[in-house]
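Structure record follows, encoded as structure tokens.
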Amino acid sequence: MFAEKMVELGSRRSTIREIFEFGNRRAAQVGRENIFDFSLGNPNVPAPETVSDTIVRLVREEDAAALHGYTSAQGDAEVRNRIAESVNRAHGTHFTGDNLYMTVGAAASLCVCFKALAEEGDEFVAFAPYFPEYKVFVEGTGATFRVVPADTESFQINFAALEEILSSRTKAVVVNSPNNPSGVVYSEETIVRLVKLLKERSQEYGHPIYLISDEPYREIAFDGVQVPYLTKYYDNTFVCYSYSKSLSMPGERIGYVLVPDEMEGAREAYAAVCGAGRVLGYVCAPALFQRVVSECAGQTSDIAVYQRNRDLLYGALTGMRYSCVKPEGAFYLFPRSLEPDAYAFCEKAKSLDLLLVPGDDFDCPGHVRIAYCVKTEMIERSLGAFEKLAKMYQ
Ligand code: PLP
């Protein structure tokens with residue numbers, strides 16, 4: 001009677017949600033201060049004051065019917081122009097509002113790109129570890145989702161495996177840097193090597209392999225590390241951006257897709273993005289928040305907090321002999337679990353009220369994700385539990 005796949009997707013709770021709910025139940029029993037919940041990637045740093053000031057000003061001063069009304073499907077023209085100018089200031093690019101399509105966050109940006117591209121028999125490739133919704137989004141279009149296993153020494157790209165997986169069926173490759181869950185930023189060397197391979201294979205197969213750059217964490221990068229802007233390296237790049245993390249507003253659902261003019265078939269690509277948005281029923285991105293992000297473009301919440309948390313947690317855990325690639329961005333640490341079965345390891349952690357997520361959820365067994373977008377003092381209080389957990393394996 002109902003679409004079987006949808007019933008299954010809607011009934012299966014995500015492991016991350018399960019852990020989060022467990023944390024809430026335990027908090028009711030033993031007190032919130034005794035639970036060390038590192039399960040969710042919900043930014044704990046508040047949106048900068050300018051966000052609330054802008055909301056208040058717009059609501060007080062603007063015509064309510066226009067402010068809350070539909071915008072054009074691709075987003076308000078002035079909003080898109082302002083955002084394009086801010087991207088150009090940051091990256092030395094030359095985009096205009098016509099290159100942008102406003103969306104309901106990065107998840108929608110990705111869905112729109114997959115839908116815009118997917119034709120029968122197509123494959124989309126992602127690199128483990130990856131944001132688990134990619135698989136759901138790609139398979140939702142009827143296309144096939146292919147995974148390049150992780151290079152667990154560096155969490156850069158496993159090129160040997162990628163070379164095997166690319167084929168004439170590959171429509172696009174998805175990259176996410178800074179990465180959820182590894183926190184790794186792909187180096188310029190990695191990007192140059194990736195685009196060289198994609199150009200060679202595009203030529204060989206006689207059609208472009210598109211790059212989809214999922215970048216909700218772009219601004220969350222530490223120690224001055226540069227996150228390469230991919231349209232500067234590869235014309236056939238869709239940028240999927242979101243303000244969920246940079247401005248700490250994941251619940252407000254706002255982001256965009258950027259389609260460069262230099263892309264092969266750019267006009268059709270942009271039309272396909274608009275068409276995909278129609279089919280998916282997005283109508284337009286939230287009108288008030290289009291205005292808010294355009295007026296706050298280029299600003300971020302206080303990212304220094306995440307760097308402090310990274311330094312504290314990475315320093316403490318590596319001192320306890322947890323092994324971990326040092327993250328340069330986002331707000332996740334992805335150490336090896338202290339036994340091969342990350343689920344069993346997370347169960348032991350749970351017995352200490354330490355809530356971690358098994359790497360299997362990101363297609364990378366033997367690791368755990370620690371989301372450190374939490375209060376620094378909770379990290380300080382949690383260190384004893386991490387120590388006890390390590391001692392269980394001595
Ligand atoms: N992509 C990655 C890698 C993410 O981690 C997330 C959210 O956590 C998303 C996409 C979805 O972001 P949004 O809230 O903007 O839809």
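None of these values were measured; they are calculated from a predicted model. Heavy-atom basis, side chains included; hydrogens, waters and symmetry copies ignored. All ligand and atom numbering here is 1-based and tracks the order in the structure.
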| field | Check: Val357 and Cys346 side chains under 4.5 Å, non-hydrogen atoms | value | no
| task | Examine Asn176 against ligand 1 and note whether any of their N/O atoms are separated by less than 3.5 Å. | result | no
| Nearest-neighbour protein heavy atom for atom 16 (O) of ligand 1, which is reported as residue plus atom name and distance | Arg253 NH2, 2.7 Å
| Distance from atom 15 (O) of ligand 1 to nearest protein heavy atom, with residue and atom | Ser242 OG, 2.6 Å
| note | ligand 1 to Ala107, heavy atom cutoff 4.0 Å, flagged ligand atoms 11 (C), 13 (P), 16 (O)
| request: For the pair Arg310 and Asp223, find out whether any cationic side-chain nitrogen is under 4.0 Å from an anionic carboxylate oxygen. | output: yes
| query | Does an N or O anywhere in Tyr134 fall below 3.5 Å from an N or O of ligand 1? | reply | no
| Other hydrophobic cluster members with Val185, side-chain heavy atoms of Ile/Leu/Val/Met/Phe/Trp/Tyr under 4.5 Å, chained? | Val225, Val227
| message | With respect to Ala106, determine whether any N or O atom, backbone or side chain, lies less than 3.5 Å from an N or O atom of ligand 1. | response | yes
| Atoms of ligand 1, numbered as shown, that sit under 4.0 Å from any heavy atom of Asn180 | 3 (C), 4 (C), 5 (O)
| query | Which of the atoms of ligand 1 are close to Tyr217, meaning less than 4.0 Å from one of its heavy atoms? | reply | 3 (C), 4 (C), 5 (O), 8 (O)
| Should the pair Lys171-Glu123 be classified as a salt bridge under the 4.0 Å nitrogen-to-oxygen rule? | no
| Can any side-chain N or O of Asn236 pair as donor or acceptor with the backbone N or O of Glu264 at less than 3.5 Å? | yes
| query | Salt bridge check: are Arg57 and Glu295 linked by an N-O gap of less than 4.0 Å? | reply | yes
| Polar atom proximity, Tyr332 to ligand 1 (N or O, under 3.5 Å) | no
| Considering only heavy atoms of Ser244, which atoms of ligand 1 have at least one such atom less than 4.0 Å away? | 13 (P), 14 (O), 15 (O)
| said: Check for me whether Gly41 has a heavy atom closer than 4.0 Å to any atom of ligand 1. | reply: no
| If only atom types and distance count, is the side chain of Ser52 paired as donor or acceptor with the main-chain N or O of Glu49 below 3.5 Å? | yes
| query | Strictly under 4.0 Å, does any heavy atom of Glu133 approach an atom of ligand 1? | reply | no
| request: Determine whether Cys240 and Ile212 make a side-chain contact, defined as any pair of heavy atoms from C-beta on separated by less than 4.5 Å. | output: yes
Please tabulate, one pair per line, all N/O donor-acceptor pairs under 3.5 Å involving side-chain atoms of residues 65-79, not counting sequence neighbours.
unit_1 : atom_1 : unit_2 : atom_2 : d
Thr71  : OG1    : Gln290 : NE2    : 3.1
Ser72  : OG     : Gly75  : O      : 2.8
Asp76  : OD2    : Glu78  : N      : 3.1
Asp76  : OD2    : Val79  : N      : 2.9

| task | Measure from atom 10 (C) of ligand 1 to every heavy atom in Phe137, Tyr130, Phe331, Phe131 and give the option owning the shortest one. | result | Phe131
| request: Examine ligand 1 and decide if any of its atoms is less than 4.0 Å from a heavy atom belonging to Tyr243. | output: no
| query | How far is atom 7 (C) of ligand 1 from its nearest protein heavy atom, and which residue and atom name does that atom have? | reply | Lys245 NZ, 3.5 Å
| Which part of Pro216 is near ligand 1, with near meaning a heavy atom under 4.0 Å away: side chain, backbone, both or neither? | side chain
| remark: the protein heavy atom lying closest to atom 1 (N) of ligand 1 turns out to be Asp214 OD2, 2.6 Å
| field | Residues Arg193 and Glu189 bridged, charged N to O under 4.0 Å | value | no
| said: For ligand 1 and Pro250, I'd like to know whether there is a polar contact (N/O to N/O, distance under 3.5 Å). | reply: no
| said: Quick test of your reading of the model: are Glu21 and Arg25 salt-bridged, counting only N-O distances below 4.0 Å? | reply: no
